[in-house]
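No hydrogens, no waters, no symmetry mates; every other heavy atom, side chains included, goes into these values.
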Protein chains: 2
Amino acid sequence: MISFPRSTYLPEDRSEFHPCCRVSELAWRRMPNRARPVVTIADVARACGVGTMTVSRVINGKKHVSAEMVRRVEEAIARLNYQPNEAARTLKGRTSRTIGLIVPSLSDPFFSQCAHAVQQVAAEQGYMTMLFACESNRNVEVEELSQMRSRNIAGILIVPSSEESVEQLRELRRSGMPVVMIDRTIAGIDAGEVMVENLEGAFRATSHLIDHGHRRIQCVGYDREYNSISQRIEGYRKAMQTAGLQPQYTLVKRGVPIGPKILALLRSPKPPTALFTLNNVTSVTVLNALKREEIRIPQQVALVGFDDFELASLLAVPLTAVRQPAAELGRHATRMLIDSLRVGNGGERMLSRIVLPTELILRQSCGCEPIARITHAL
Amino acid sequence: MISFPRSTYLPEDRSEFHPCCRVSELAWRRMPNRARPVVTIADVARACGVGTMTVSRVINGKKHVSAEMVRRVEEAIARLNYQPNEAARTLKGRTSRTIGLIVPSLSDPFFSQCAHAVQQVAAEQGYMTMLFACESNRNVEVEELSQMRSRNIAGILIVPSSEESVEQLRELRRSGMPVVMIDRTIAGIDAGEVMVENLEGAFRATSHLIDHGHRRIQCVGYDREYNSISQRIEGYRKAMQTAGLQPQYTLVKRGVPIGPKILALLRSPKPPTALFTLNNVTSVTVLNALKREEIRIPQQVALVGFDDFELASLLAVPLTAVRQPAAELGRHATRMLIDSLRVGNGGERMLSRIVLPTELILRQSCGCEPIARITHAL
DNA sequence: GTATGAGCTGATATCGATATCAGCTCGAGA
DNA sequence: TCTCGAGCTGATATCGATATCAGCTCATAC
C-alpha cells in the first residue's frame, strides 16, 4: 500500500465537550454576557443630529418624514452599518418575524425537501425559519412547542408526530398562534392543513397492481399512527374491495423489523405476489430484505411504494412509486401560514385545507416494462 | 378505470398568496400587532405576593432565595403556565440561545444529515437552531449573515458556498461572534473548522482503482470552487502521480451538464477505463448518463465516488464510495461552537481545527466482487 | 391678521427580564 | 445589650425599538 501524508486529526479530544466547559448549569447561567459593540438606533440618531423616532420612521413606514431627512438618515445607517435589533423589536411588537418548523426527521428526503421549500418561501417573505427535528420523540415535540411560545414565534408549521402535543397545540391555537399541519393532521385542532391525496394515491397504486393481474397483494408498513398512513391503508382496502379481493396487512409498530416478516410471508404456502409499501422507509427496508435473499422483482414479487425519491430510478429494479410533491407541500403550507399572519388577528379565515394530487410513477418494480408516467388526475 | 371519491383539491387558488394579502410593504409594516395575552414575570410575582426579582432568581440562579419561597414561586409558575420571554432576555443579555446554521441546500442528503445532527446537539445543550439554506446563491448568503446579526445569534455554523461573504464573516468574527466552518473553509477567516480528510480519501479511492489495474482514470466533478473539492482533486493527482500515471480532468462550472461530456469521452479513441467522481451529485449525474446509454459498470467503465449515500448499496450497480461522516461533522462543529460560547469572550481558544477520517466502502462499481469494508486508518 | 390644519419632529413611556444596590431580618460574637 | 454580617428580598434602572402625544413650522383660508 502506498502511504500518504496525514493531516491533523483529533477526534478523541473532541468527541465530548471540552473539560473546561463541563460547568454546572448554575455556573453556566452566571456566565457574564459578552458585551458586543453594537450600533443602536440612538447612535444613528446622534450621528444625524435627530431624534430616535425620526430614524425609526425612516426604517419603517417612511411616512411623515421629509425627503431630505430620509436621505440623511439612510446615509448614516449605511455609513454606520446599523442593523435594527430584532429582540427589541420583538419585545415591543409582541411577535417576531420568525416561523417555527417542526419535522420528525431531516434524514428522510421527504421531510428535508419539504423543509427546504419552507425555508425558501419564508426567506422570500422576510421570515426566518426556526428548525426543530423531533425524531418522533414525544417529549421532545412537546418541549419544542413550549420553546416556540418562549421565543415569540409568529406561527408554526408542523408535521405532527405525537398525539401528546395535542394539548399544547390546542392551547397555542387558543392564544391566537396560527398553525399549519403538513402531511398529517391531528383531529380536534383548528389549524390549517396541507396534505396529499393519500387515499387516491394508494387506490391508484393498488389498482395498478390489480391491473397487472395480481390477486394476493400485501399492504406493508409501520402501523397506522398517523392519519396519512390510515388514508393510504384505506385507499388500498377500497381498491381491493372494489376488485372483490381480500386485503392482507403486515403492519408493525415502529422499531419492529419488517424485513423478516415479509420474507417469512413469501415462504408461506400462499405467498403474496405483490407488495404495496406505505412509505419510503418501508420501501427501502423491504428492498434491502429482498436483495439479501436475492428475490427477483417483479418476477417473484412485484412492488409499488408510496412516496417516490430521487434515486428510485437508479435502483437495481427501478421502483414504481406514488410521487408526493414534497416541496409543493412545504411551499403551500408556508404561504398559508404567512397569509394568515398578514391578515393578523389569528387569521382564522386564512387557515384552510389544501389537498395536493399525487402521481404514479411507473418504473419496473410493478412489472411494467416501459418507463412512463401517468398523471393522477382523473 | 375504476373511479373513486376525490377530496377537496384547490391548488390553483393557492399557488400564489391570497389576493387580500398582496399588500404593499408599507401597509404590511403598519399592520397592527396582535395583542396576545401573555403571562409575565410580574404576574407570577403578583400571584405569590413577591417582587419580580425573586421570581427571576428562582427561574435562574436560585441563589439567595429561601427554600419555601422557591416552592411557592415554582408552584405559581406551574399553575399560571408561565414561560419567560426570550426576546426580553435576549435584549437584556445581548445574546440569544440560538445558533445559526447556513447550508447550501437541504436536498443534498449530506447536508441534511449534517443539519439534523446540528439541530440535535444544539437542542440537547439548550440552544435553538435557526436554519438558512442559501442554495449557493451568493447574495442570499450575504443577506442571511446580516440577518444573523440582527437577531443576536449566539454563533454561526456555516458550510460556506460563496467567497462574497468573506467580508461579512470577517467582520462578524471581529465583533466577537464565534464561527465554525463545516466541510469547506474560506481562507483568511479566523474561525473553527471541521472537515474530513478529503485528500486522503481521494487518494485512497484513486489508488483502489489503480490497484484494480486501471491506468486511464478520469477525475470528474463540478469545478474547484471549494477547497474541499480542491483537496479531493489533489488527492487524486497525488495518487496518479505516485503510480506514474497521467491525471485527466473533466471539471465543469456549476450548471454545465456533465453527462454528455463523459459520454463523449467514453466514445473517444482512448477512453478512460475508470471514473472518480468528486461528490455525490456528480456520481448520480454520471450514473444517470451511463444508465441512459446502457454502459455497463464496471465492465465498460469502473466508478468510484466521493461521498456515500443511503441507497448506494441498492443501486443497479452498488456504488463504491468514500464515506464521509456527515452527522459526525455536524456534531463536532456544534460542540465546538457551543464550547466557545460557554467560555465566553469570543472563545478564540476553543475554535480549533478538526479533521475526521473517511472510509472507503467497497461495493461493485469499482470492480470488486465481494462486499467488504476497508477502514481508512493506516 | 389670525385661525386652521397639514406636515414634520422629538420627549416620554412601554414591552419583559435582569443587574445592581439598598433594605430588611435574624443569629452570633463582643 | 449592641454590633456586625450573612442571608434574603424588592425598588429601580437598563437593554433597543416603537406608540403616543405634544410641539413646532408653514401655507392656506377666513
Side-chain angles (χ1 to χ4, degrees), chain A residues 26 28-73 76-77 80 82-97 149-152, chain B residues 26 28-73 76-77 80 82-97 149-152:
Chain A
L26 266 164
W28 149 227
R29 277 179 164 145
R30 275 186 281 103
M31 235 36 157
N33 289 306
R34 161 179 3 144
R36 229 180 264 162
V38 193
V39 181
T40 73
I41 199 169
D43 298 323
V44 177
R46 216 172 359 255
C48 304
V50 300
T52 57
M53 268 320 292
T54 303
V55 179
S56 175
R57 270 187 276 257
V58 171
I59 297 165
N60 302 309
K62 301 206 181 182
K63 271 275 180 67
H64 302 296
V65 186
S66 64
E68 161 63 10
M69 191 55 96
V70 170
R71 205 197 48 70
R72 258 170 64 198
V73 171
I77 287 176
L80 297 176
Y82 163 74
Q83 286 201 294
N85 181 327
E86 276 300 322
R89 286 179 145 186
T90 301
L91 179 57
K92 192 82 216 321
R94 288 298 233 301
T95 172
S96 66
R97 292 160 195 226
R149 228 180 33 155
S150 262
R151 287 171 189 263
N152 298 287
Chain B
L26 267 164
W28 149 227
R29 276 177 166 147
R30 276 186 280 105
M31 235 40 159
N33 289 306
R34 162 177 1 147
R36 226 180 267 162
V38 192
V39 182
T40 74
I41 200 169
D43 298 323
V44 177
R46 217 172 359 255
C48 303
V50 300
T52 58
M53 269 319 292
T54 304
V55 179
S56 176
R57 270 187 276 257
V58 171
I59 298 165
N60 302 310
K62 302 205 183 186
K63 271 274 180 66
H64 303 294
V65 186
S66 64
E68 162 62 11
M69 190 56 95
V70 170
R71 203 197 49 70
R72 258 170 63 199
V73 171
I77 286 176
L80 297 177
Y82 163 74
Q83 287 199 295
N85 181 327
E86 277 301 321
R89 287 179 145 185
T90 301
L91 179 56
K92 193 81 215 324
R94 287 296 234 302
T95 172
S96 66
R97 293 161 193 224
R149 227 180 34 154
S150 258
R151 288 173 187 262
N152 298 288

Closest non-hydrogen atom pair between A:Asn152 and A:Ser96, with its separation: O-OG, 2.7 Å

B:Ile41 CD1 - C:dG16 C1' separation (whole Å): 8 Å

Any B:Tyr82 side-chain heavy atom under 4.5 Å of B:Asp43 side chain: no

Ignoring hydrogens and angles, write down the donor-acceptor pairs under 3.5 Å from the side chains of residues 47-55 of chain B, residues two or more places apart or on other chains.
none

Whole-Å gap separating P (C:dC15) and CD (B:Gln83): 20 Å

Main-chain N/O of A:Ala87 paired with B:Thr90 side-chain donor or acceptor, under 3.5 Å: no

Interatomic distance where CZ belongs to A:Arg151 and P belongs to C:dG16 [whole Å]: 18 Å

Value in whole Å for how far the P atom of D:dA19 lies from CZ of A:Arg89: 10 Å

Please tabulate, one pair per line, each protein N/O and nucleotide N/O from nucleotides 7-10 of chain D that are separated by under 3.5 Å, including the distance.
from: D:dT9; atom 1: OP1; to: B:Ser66; atom 2: OG; distance (Å): 3.1
from: D:dT9; atom 1: OP2; to: B:Ser66; atom 2: N; distance (Å): 2.9
from: D:dG10; atom 1: OP1; to: B:Gly51; atom 2: N; distance (Å): 3.3
from: D:dG10; atom 1: OP2; to: B:Gly51; atom 2: N; distance (Å): 2.9
from: D:dG10; atom 1: OP2; to: B:Thr54; atom 2: OG1; distance (Å): 2.3
from: D:dG10; atom 1: N7; to: B:Arg57; atom 2: NH2; distance (Å): 2.9
from: D:dG10; atom 1: O6; to: B:Arg57; atom 2: NH1; distance (Å): 3.4
from: D:dG10; atom 1: O6; to: B:Arg57; atom 2: NH2; distance (Å): 3.2

Whole-Å distance separating the CG atom of B:Leu91 from the P atom of D:dA17: 9 Å

Spacing of A:Arg89 atom CZ and B:Arg151 atom CZ [to the nearest 0.5 Å]: 9.0 Å

Atom-to-atom span, CZ of A:Arg46 to P of C:dA11 - whole angstrom: 13 Å

Nucleotide nearest A:Ser56 (side chain, heavy atoms from C-beta), chosen from D:dT18, D:dA17, C:dA17: D:dT18

Nearest-0.5 Å distance that lies between atom CD1 in B:Ile59 and atom CD1 in B:Ile77: 4.5 Å

Whole angstrom value for the distance that separates C1' of D:dC15 from CG of B:Asn85: 13 Å

Which nucleotide in D:dT14, D:dG16, C:dT14 has an atom nearest any side-chain atom of B:Lys92: D:dT14

d(CG, B:Asn60; C1', C:dG16) in whole Å: 13 Å

